[in-house]
Structure formats: structure tokens, C-alpha cells
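Here's the structure, in C-alpha cells; my notes come after.
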Amino acid sequence: MNLYRSHTCGELTAKDASKIVKLSGWIYRRRDHGGVIFIDLRDNYGVTQVVFHPESGIIDQVSSLGLESVITVEGEVLKRDDAQINPNMITGEIEISVNNLEVQSNVESLPWSVIDDSIPEELRLRDRVLDLRTEGQHEMMKFRSNVIRTMRNTMWDMDINEFQTPLLTSSSPEGARDFLVPSRIHPGKFYALPQAPQQFKQMLMVAGFDKYFQVAPCFRDEDPRADRHPGEFYQLDAEFSFVTQEEVFKIGEKLMTETFNKHTPEGAIVDQGPFRQIAYKESMLKYACDKPDLRNPIEIFDISKVWLDSEFAVFKSIVEQGGVVRAIPAKGAGEQPRSWFDKLGKFAQKQLRMPAAPGYIVKNEDGTFKGPLVKFLRQEQVEAIFAKAGLTETNDTIFLVAGQEKHVLQPLSVLRNKIAEDLNLFEENTFRFAWIVDFPMYEEEDGKIDFSHNPFSKPQGGMDDLLNKDPEDILAQQYDCVCNGYEIASGSIRNADIPSMFKAFEIAGYKKEEVEENFSGMLKTFRLGVPPHGGFAFGIERIIMIMKNESNIRRVITFPLNGRAQCLLTGAPLKANEAQMNELHIRHFNLPEEALD
RNA sequence: GGGGAUGUAGCUCAGUUUUGGUUAGAGUGUCGGCCUGUCACGCCGAAGGUCGCGGGUUCAAGUCCCGUCAUUCCCGCCA
């Protein structure tokens with residue numbers, strides 16, 4: 001017998017009756033009847049009812065202990081009378097009649113109750129340990145642990161090596177803001193925390209390891225979102241040599257299906273590979289975003305041209321000036337009350353900052369149409385639009401959004417999901433995957449050409465594309481994996497050809513010397529013989545959020561930062577003292593007033 | 001940097017608009033008492049409030065106005 005326990009609080013049942021046992025755990029609940037006291041004792045594994053009788057002589061001691069105190073009890077396992085069995089507990093057939101109590105740690109007062117599930121997040125973060133004891137949060141972290149175990153095992157089963165890569169490394173000029181770490185040994189110089197192990201995993205391929213993965217911490221100094229933890233997060237990062245895009249997809253599909261099949265609820269529908277592949281361009285048209293939620297059956301389509309042959313000056317001039325009109329088909333939406341349409345219009349203007357509420361056309365029972373825009377089109381034009389949408393029933397509706405393409409995409413995407421949600425069109429308990437492929441290599445903003453994704457991706461046509469195509473027309477062997485409206489992975493087949501790498505950077509405005517300097521490590525190794533290679537990185541937190549249907553990423557992180565990137569437990573970030581600053585050769589300047597106190 | 005929502009007892013929330021008006025309520029938790037079979041135990045009693053903060057309007061502000069802070073969601077940002 002262990003010093004503290006012979007069993008856990010989740011394992012004793014009727015078959016253990018009359019055993020003498022020792023249990024340790026936290027006081028979860030107490031029911032004091034004056035003469036007899038019941039305590040629900042909780043540990044990581046479960047809850048067991050322990051009973052104190054007056055004859056034990058420790059009643060007074062027990063009633064003075066605070067909830068969440070840690071105790072060790074010793075006693076006999078008693079089978080309960082039939083009337084006293086609690087069918088809701090695994091250990092509900094028995095209880096422990098205690099004759100010996102040892103207090104490991106007494107709790108004077110609790111800031112809030114572990115049983116209460118309506119505690120605000122600020123307190124949960126401040127008292128995170130208490131929060132991690134609550135049933136929901138405790139199970140969540142065990143769930144995360146199990147998911148990562150499955151992912152690791154799946155990778156190992158495919159004979160993929162697990163390696164670690166440096167955390168103190170160099171800044172990469174592309175991408176998000178870096179976290180910098182001042183060097184003591186090299187005054188004035190800084191390490192950067194990796195935004196991803198990108199360069200190192202490629203170097204592992206050059207080193208001949210063939211297949212690699214790791215559960216990698218990634219650091220990006222960006223503002224948070226509900227699905228984006230500020231500062232740091234984890235990726236299941238992987239890279240493979242001598243592979244094609246399709247072979248990388250197979251590995252990713254195996255990883256996802258194994259993980260989701262094992263950890264989603266009974267009866268869930270999980271896409272089994274091969275996953276759908278959707279070209280970036282197609283995705284932007286049909287779903288108005290590059291991470292579509294495919295549980296939503298609505299597909300947007302373009303109806304720009306019809307307005308050139310109409311009397312509606314607003315849409316006509318938008319299209320004439322290169323803008324677009326897009327249609328969102330909404331099956332049966334005409335059954336909704338007028339107030340629903342009004343509310344949707346207000347939402348669009350207020351939340352999505354659309355200049356006007358989206359127009360709509362509803363099909364009447366007699367085959368005519370109604371809505372503010374109907375009078376501008378001929379009957380056969382409207383009929384053609386509905387035919388294109390495949391809408392044939394009374395009350396079927398089409399919403400219209402017009403404007404320059406870059407302005408309408410975001411509102412379209414949000415409206416597509418909101419309409420489907422309001423109309424209850426989403427598939428339930430379903431996990432829909434897709435690969436978004438054929439991303440453009442470059443994008444133009446304010447006349448400047450920049451990489452639209454990863455500068456290390458291979459242009460689909462190689463050097464030939466780089467030399468002969470308009471940069472905006474060059475596609476990359478770059479792909480994302482999306483699930484239920486989240487981007488859960490990103491990857492590419494890398495550009496392993498040194499001349500075309502320089503050319504690719506040149507198009508984005510980087511001089512040869514800059515590239516040599518910033519990627520010296522990687523370039524040097526590439527000159528030593530680089531295999532064709534490619535890979536992916538899956539966002540672990542997002543995968544867990546999706547499986548648990550959680551909307552906030554902090555729920556799946558043991559010790560998350562708050563929305564302002566502060567740790568309420570440790571106070572991080574904190575000021576450095578003078579001695580530390582001196583040693584690191586750094587000094588403050590230009591601090592805002594509020595930082596000076 | 002910008003926009004929306006929220007802020008009342010330790011915690012969850014009602015009261016705030018329509019209509020500014022006596023002592024701001026409930027549940028839960030806490031504390032005290034009672035209770036030998038409960039399992040979210042029960043019963044009796046008590047304590048607990050700068051209505052986020054500051055200013056303004058008014059005879060009178062939790063309620064109206066302005067500002068500000070905090071939390072959160074979104075936009076920007078996220079190769």
C-alpha cells in the first residue's frame with residue numbers, strides 16, 4: 001500500500017466491499033447531518049463518498065475542514081443498501097466508513113466554488129488552478145492530452161521521426177511580429193523565438209532524415225482572436241522528403257481521421273479521406289473565404305452580368321466599375337417574418353459595416369417574385385438567377401451583395417454562415433474537411449507585390465512561371481486544411497531549387513544579398529544537396545476546439561494569457577530590473593506615460 | 001489604431017428602454033444554530049452593495065447625457 005492511497009477515488013465498486021482501503025483527495029462536497037457526515041472525495045480519477053460516524057471520534061475535525069482541503073482517509077468499503085445506491089456515480093454502489101483521518105492541507109477560504117460552472121473568465125484565469133479542478137476544465141485538459149497522444153502515436157505508426165528544433169533562433173523577415181530575446185554574450189544582438197520551425201524542418205530534410213514531426217511551440221506577437229491565443233500556440237509540425245502534394249495529403253488525412261474518429265462523440269460524422277480539394281479561387285467565389293465551413297450547404301454565386309442589362313443604376317454602375325454582385329441562396333427564407341429580414345439588414349450594416357442592407361428576392365407561390373430589387377429585372381432574368389441557384393420552391397430566397405470584390409467578401413462570408421445558422425441549415429455533429437489548394441504565390445497591395453503565403457513554397461510551374469507569368473497569376477504548391485470553418489493546417493511543397501528561390505524573392509522585392517543574409521543557414525545547407533520535400537503543420541488548439549465545439553481557444557490551454565496577452569497568475573509580462581537590463585545591454589526609451597509609474 | 005456588446009452583493013442575475021421618485025431585490029456561496037442516511041442534503045437566522053470610475057443635467061440619477069476604465073467579440077494584423 002502506498003503511503004497515501006491504496007486506490008483512487010474513481011475505482012471502488014461493489015466487488016471491493018469489506019476491503020480496508022486508503023484514499024486521498026480533495027473535499028468536493030460535504031453533507032453534515034449533525035451526527036453523520038458525508039464527504040465526496042475527489043481526485044483526478046473520480047469521486048467517492050466517504051462517511052464519518054460519531055463513533056470514529058473525528059466528527060468535529062471533519063466539520064471544521066474547508067471545502068477543497070486535501071485529506072487522506074482510511075476505512076472499510078461498505079456496500080450501500082439498495083435505496084442508498086447513487087446510480088449517477090461509478091462508485092455509487094459503495095462508500096468508505098472512515099476510522100482514520102489525516103489532513104494534508106486545510107483550506108481556510110475559497111474565492112469561488114469548484115462546483116459552480118458560471119464563474120467569469122477573469123476569475124478563472126486569476127485562479128486558474130481552481131478552474132482546472134472544475135469538472136469541465138479538468139476533463140478538457142485530459143482530453144487535450146489524449147488527443148496529442150493519438151496524434152503522436154499516429155505519426156510514430158507511420159514511421160516518422162520526432163525531433164526538437166531550437167527555440168532561441170533568428171528572426172525571420174516575413175510574417176508576423178517576432179518575440180525578441182536580447183543576447184547577453186553578444187551586446188546589441190537578439191534571438192527571435194520561432195514563429196514555426198520552418199527553416200529547421202527543411203534542414204532536417206536536407207540532413208537526410210526523410211520524415212520528421214514534432215509537437216512544436218510557435219511564437220507570434222499578434223493581436224488575439226477567439227481562435228488565436230496571443231503569443232504562443234502548438235502545432236503538429238511535419239515534413240517529408242521525396243513526396244508529392246497528394247502523398248502529403250494522404251498523411252494529413254490519416255492523421256486527422258485517426259484523431260477525429262477516436263475523439264469525437266459517438267455517432268459523429270467524420271469525413272474519411274480523401275478530403276475534398278477546393279481551389280482557392282473557387283473557395284473565394286463559393287464561400288467568400290479560404291476556410292469555408294462545409295457543414296453549411298449554401299454556395300454563393302456571381303450574378304454581376306445581369307445588372308448591366310437592368311435599370312438599377314446602383315448595381316449597374318458598380319459592375320461597370322469592375323465591381324461584383326454576388327448571390328446567397330437561402331432555401332425557404334421567405335417563411336421568416338419581416339422582422340428577421342430587418343434584423344439581418346441591421347446586422348449587415350452595423351456589424352459588417354455594409355453601406356446598405358443586402359437586397360433580397362423571394363419566390364412567391366404563383367411563380368412571381370417579391371423584394372425591393374424585383375422591379376429592376378425582367379421576370380425571366382430573376383427566373384434564370386433562381387434556376388442557377390437550384391431554387392424552385394415557394395419562399396426560396398436569394399440575397400444580393402454588391403460592391404468591389406475585396407469589400408464584399410468578408411460580409412458575404414459572415415452572412416452565408418449567419419443565414420444558414422438562422423435557417424438551421426448546418427449539419428450537426430459533423431466534421432467536414434477539405435484541402436484548399438492552388439493558392440496564389442503573390443498578392444498585390446497598393447501596387448506592391450508580396451508573398452501571399454509562404455515564401456518557401458514551390459511555384460507550380462517552377463522557374464518557367466516566375467520568368468514568364470504575371471506574378472498575380474502564379475500559383476503555388478501551397479495548401480491549407482480546413483475543418484468546420486477553421487484553418488487547421490497549412491503547408492506546401494517547398495521550393496528546393498536555389499535559382500528560382502532567388503527569383504521568387506526578387507519578384508517580391510527582395511535583393512539577393514538580403515535573402516542570402518536572412519536565410520543564410522538554409523541556403524548554405526541547400527547547396528549541400530537538397531531533396532524535394534514538403535509538409536504541413538496542424539494547429540493543435542484549433543483541432544481540440546473543433547472537436548469539443550468550443551468557441552474560445554483559452555478553454556483548451558492549461559495556463560492561457562488573457563485578451564491583452566497578460567498572465568494573471570504570474571503577472572507576466574513584468575518589468576526587468578536595472579541589473580538585468582544592464583547585463584543585457586538594453587535600455588528603455590520612448591516609453592508611453594502609463595508605463596512610467 | 002477603429003467598431004460592437006457587457007459592467008448592480010464573493011459569484012450568477014433581476015431592476016435601467018416604454019416611465020428618473022421612499023429603505024436596490026432573488027438565487028447561490030459565506031458565517032451562526034438545528035439535524036444519524038445524505039448525495040447540488042434539509043430547516044431556522046445573520047452578515048454582505050462607492051449600482052465599474054469621474055463629471056454633468058435635475059428638487060431628485062442604478063435609471064438621462066458626456067467622458068473614462070475594465071472584460072469580451074470583430075476589423076486592421078496573423079509569410
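None of these values were measured; they are calculated from a predicted model. So you know, we letter chains A, B, ... as the sequences are listed, proteins then strands, and number each from 1.
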Q.
Regarding A:Ile115, tell me which of base, sugar-phosphate or nothing describes its non-hydrogen contacts under 4.0 Å with the strands shown.
A. nothing

Q | Base-contact (B) and sugar-phosphate-only (S) positions in nucleotides 27-37 of chain B, heavy-atom cut-off under 4.0 Å, - elsewhere | A | --------BBB

Q: Before accepting this row, confirm whether a basic side-chain N of the pair A:Arg326/A:Glu405 lies closer than 4.0 Å to the acidic partner's carboxylate O.
A: yes

Q: Kindly state each residue pair satisfying salt bridge (Lys or Arg N to Asp or Glu O under 4.0 Å) with at least one member in residues 195-205 of chain A, sequence neighbours excluded.
A: A:Lys201-A:Asp237, A:Lys201-A:Glu239

(Q) Please give the distance between the C1' atoms of B:rC13 and B:rC75 as a whole number of Å. (A) 32 Å

Q. Are the aromatic ring centres of A:Phe502 and A:Phe519 under 6.0 angstrom apart?
A. no

**Q.** Selected nucleotide, minimal atom distance to A:Arg554 side chain, candidates B:rU72, B:rC11, B:rC41
**A.** B:rU72

Q.
When you measure only distances, ignoring hydrogens and angles, does the side chain of A:Arg30 come within 3.5 Å of the base of B:rC39 through a donor and an acceptor?
A. no

**Q.** Atom-to-atom span, CG of A:Asp127 to C1' of B:rG10 - whole angstrom
**A.** 11 Å

Q: Let me know the distance between CZ of A:Phe219 and C1' of B:rC77, rounded to the nearest Å.
A: 20 Å

Q. Does B:rU71 have a Watson-Crick or wobble mate here (both distances under 3.5 Å), and if so which one?
A. B:rA5

**Q.** Sequence-distant partners of A:Phe219, ring-ring contact (aromatic ring centres under 6.0 Å, His included), two or more places apart
**A.** none

Q: Output the single nucleotide from B:rU71, B:rG76, B:rC39 whose closest atom is nearest the side chain of A:Arg564.
A: B:rU71

Q: Starting from the 5' end of RNA chain B, give me the residue, A:Asn86 or A:Leu123, whose nearest nucleotide shows up first.
A: A:Leu123

Q | Sugar-phosphate only, base, or nothing, as touched by A:Arg225 at under 4.0 Å among non-hydrogen atoms | A | base

(Q) With rounding to the closest Å, how many angstrom separate the P atoms on B:rU38 and B:rC74? (A) 48 Å

(Q) Rounded to whole Å, how long is the line connecting atom CD1 of A:Ile85 with atom C1' of B:rU38? (A) 15 Å

Q) Partner of B:rC64 by Watson-Crick or G-U wobble geometry, both contacts under 3.5 Å, or none? A) B:rG56

(Q) If the cut-off is 4.0 Å, is A:Asn552 near the phosphate of B:rC73, judged by side-chain N/O to OP1 or OP2? (A) yes

(Q) Can you check the distance between B:rC66 and B:rU18, where both ends of the measurement are the P atom (answer in whole Å)? (A) 15 Å

Q: Would you mind reading off the distance between A:Gln566 atom CD and B:rC69 atom P, rounded to a whole angstrom?
A: 15 Å

Q: Could you please name the option among B:rG1, B:rA40, B:rC78 that lies closest to any side-chain atom of A:Arg220?
A: B:rC78

Q: Would you mind telling me which of B:rU72, B:rC75, B:rC41 lies closest to the side-chain atoms of A:Asn562?
A: B:rU72

Q | A:Phe536, A:Tyr280, A:Phe249 screened by ring pair (Phe, Tyr, Trp, His ring centres under 6.0 Å) with A:Trp435, the one that passes | A | A:Phe249

Q. Is the A:Phe526 ring parallel, tilted or perpendicular to the A:His533 ring (thresholds 30°, 60°)?
A. perpendicular

Q. What's the closest nucleotide to the A:Arg31 side chain, out of B:rC41, B:rU71, B:rC78?
A. B:rC41

Q. What integer number of Å spans the P atoms of B:rC31 and B:rG15?
A. 31 Å

Q: Provide the distance between the two C1' atoms, one in B:rA47 and one in B:rU57, to the nearest whole Å.
A: 37 Å

Q) Can you tell me how far P of B:rC74 sits from CZ of A:Phe347, to the nearest Å? A) 12 Å

Q) Quick one: do A:Asp223 and A:Arg228 make a salt bridge, cutoff under 4.0 Å? A) no

**Q.** Whole-Å gap separating C1' (B:rU72) and CD (A:Glu121)
**A.** 8 Å

Q. Mind checking the P distance from B:rG76 to B:rG2? Whole angstroms is fine.
A. 16 Å

**Q.** Mate of B:rU50 where both pairing distances stay under 3.5 Å, Watson-Crick or G-U
**A.** none

Q) In whole Å, what separates the C1' atom of B:rU63 from that of B:rG56? A) 15 Å

Q: Measure the shortest side-chain to side-chain distance between A:Leu130 and A:Val114 over non-hydrogen atoms and say whether it is less than 4.5 angstrom.
A: yes

**Q.** Distance, P atom - from B:rG29 to B:rC41, rounded to whole angstrom
**A.** 8 Å

Q) Does B:rG42 pair with anything, Watson-Crick or G-U wobble, both distances under 3.5 Å, and if so, with which nucleotide? A) B:rC34

Q: Take atom OH of A:Tyr28 and atom P of B:rC41, then tell me their distance rounded to the nearest Å.
A: 10 Å

**Q.** Within-4.5 Å side-chain heavy-atom neighbours: A:Ser490 and A:Phe439
**A.** no

**Q.** B:rU17 pairs with, by Watson-Crick or G-U criteria that keep both distances under 3.5 Å
**A.** none

